[in-house]
Amino acid sequence: MSEADCVACGAAVTLHDGLETGEILDCGTCGVELEVIDVSPPVLDRAPELEEDWGE
Amino acid sequence: MEIGLLYSRIRTDEKLLLSKLRERGHGVEKIDVREASFGLDGTNAAVGDCDLVLDRCLATSRSLYATEFLDHYGVPVVNSPDTAAVCADKAKTSLALAAAGVPTPETEVAFTTDEALDVIEDFGYPCVLKPVVGSWGRLMAKIDSRTAAEAILEHKATLGHYEHKVFYVQEFVEKPGRDVRVLATDGDPVAAMTRSSDHWLTNAAKGGETAEFEVSDEVRALVEAASEAVGGGLLGVDLMEVDEVSGEYTVHEVNHTVEFKTLNGTTDVDVPATVVDWLEAKAPDGDDESGSTPESDSEVVA
């Protein structure tokens with residue numbers, strides 16, 4: 001387990017093992033969606049907003 | 001096997017696949033399509049050492065173009081750009097299913113609000129208006145009256161992207177509060193589930209409750225035919241029961257970047273393992289031996 005700062009509210013976000021670049025996390029404090037930009041060291045950024053053509 | 005994974009967001013589905021691929025010792029090249037560019041003669045995406053590329057793009061537009069370019073370079077990619085092109089567009093899917101004789105809801109397409117209104121009136125109420133491109137049950141409209149139809153059509157024509165001016169109107173199928181999702185690899189069912197809801201939309205993404213579904217011979221045959229109709233691949237085939245007594249079904253959707261995390265939690269089948277089995281067989285030499293994980297930045301030149 002490690003931590004990184006939420007880019008929106010600055011709170012510490014707990015990172016689980018097996019983190020993947022491109023994965024999306026929720027900030028437990030402000031609720032914003034965060035994208036994992038890098039895992040070593042962990043870097044988070046705001047996740048892209050939902051686009052109309054997203055899906056399966 | 002060295003496999004490329006095209007992505008722009010790593011969902012639980014992709015994590016399950018990555019975990020299974022690595023567990024079996026396969027090399028995985030994660031390719032973020034947001035950082036790639038595709039030229040007529042090659043790409044900067046690191047696909048050069050890949051035996052097979054798996055398209056898991058979340059954005060349909062990226063999926064369509066990225067697979068088309070990779071196919072142009074001769075890089076093996078699943079699903080194929082042809083399958084993606086058919087499945088990404090509901091009108092094309094309907095045409096492909098109809099051409100193959102696969103039962104599918106009655107559908108008409110119109111290009112103006114006046115003509116669409118006539119089509120809706122001919123269908124009667126309720127009927128359904130869907131965007132030709134979209135997923136997760138978004139922007140679907142069950143139309144119960146002429147006044148609702150007029151309002152929805154005006155909104156789509158005024159506010160929508162040009163694709164929303166392709167009015168895709170479909171009969172409303174009175175399903176028994178559920179539909180069926182079958183995950184299939186080249187038409188072979190891997191696992192299936194029902195999705196139930198009191199709402200007319202039963203998508204898992206809309207909160208539909210799921211339960212494992214035993215694939216009958218009839219459903220198996222329909223899934224195989226639907227898969228073949230759209231060009232095969234790793235697909236999510238959606239069916240509705242038209243008549244519970246006769247066991248008659250209609251196929252209303254085929255998804256080409258299918259999500260399966262919910263299905264994996266619903267069935268005893270190890271879905272990601274079965275998908276990886278299929279990928280191993282799908283790699284050009286059918287080689288299922290483990291490979292290393294080269295850190296490759298090699299560019300592909302067509």
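This is a predicted model, so every value here is computed, not measured. Atoms considered below: every heavy atom in the structure, side chains included; atoms not considered: hydrogens, waters and symmetry mates. Just so it is clear: chains get the letters A, B, ... in the order the sequence lines come, proteins before strands, and each one is counted from 1.
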(request) Indicate yes or no for a side-chain donor-acceptor contact from Glu259(B) to the backbone of Glu56(A) under 3.5 Å, with no hydrogens or angles considered. (result) no
(message) Please find the pair of heavy atoms, one from Tyr7(B) and one from Thr21(A), that lie closest to each other, and give the distance.
(response) OH-O, 3.8 Å
(message) So for Arg9(B), is it side chain, backbone, both, or neither that comes closer than 4.5 Å to the heavy atoms of chain A?
(response) both
(request) Take atom CD of Glu209(B) as the centre, draw a 6.0 Å sphere, and report whether it contains more than 12 heavy atoms from other residues, nucleotides or ligands. (result) no
(request) Please report the closest heavy-atom contact between Gly55(A) and Thr257(B), naming both atoms and the distance. (result) O-OG1, 3.7 Å
(message) Taking every non-hydrogen pair under 4.5 Å, which of Asp13(B), Ile10(B), Asn255(B) racks up the most with chain A?
(response) Ile10(B)
(request) May I ask you to check whether over 12 heavy atoms, not counting those of Lys92(B), lie within 6.0 Å of atom NZ? (result) no
(message) Quick check against the 3.5 Å criterion: does Ser135(B) have a side-chain atom that pairs as donor or acceptor with the backbone of Trp54(A)?
(response) no
(message) I'd like to know if the side chain of Lys15(B) reaches the main chain of Leu19(A), judged simply by a donor and an acceptor atom lying under 3.5 Å from each other, with no hydrogens or angles considered.
(response) no
(message) Looking at Glu20(A) and Arg22(B), is there a salt bridge between them, counting it only when a charged N and a carboxylate O are closer than 4.0 Å?
(response) yes
(message) Take a 6.0 Å sphere around NE2 of His161(B) and say whether it holds more than 12 heavy atoms from other residues, nucleotides or ligands.
(response) yes
(message) Looking at every non-hydrogen atom in both residues, tell me the closest pair between Val133(B) and Asp53(A) and how far apart they are.
(response) CG1-CB, 4.4 Å
(request) Evaluate the side-chain contact (heavy atoms from CB on, under 4.5 Å) criterion for residues Thr60(B) and Glu51(A): first the C-alpha distance (whole Å), next the side-chain angles of each, then the deciding distance (0.1 Å), finally the verdict. (result) CA-CA 10 Å; Thr60(B) 301; Glu51(A) 299 272 359; over 6 Å; no
(request) Kindly check if the number of other-residue, nucleotide or ligand heavy atoms within 6.0 Å of OH (Tyr65(B)) is above 12? (result) no
(message) Report, in residue-number order, which members of residues 26-37 of chain A are under 4.5 Å from chain B by heavy-atom distance.
(response) Glu33(A), Glu35(A)
(request) Below 4.5 Å from any heavy atom of chain A, which atoms of Arg11(B) appear? Answer side chain, backbone, both or neither. (result) side chain
(request) May I ask you to test the Arg34(B)-Pro48(A) pair for a side-chain heavy-atom distance under 4.5 Å? (result) yes
(request) Go through the atoms of Glu52(A) and report whether side chain, backbone, both or neither lie under 4.5 Å from a heavy atom of chain B. (result) both
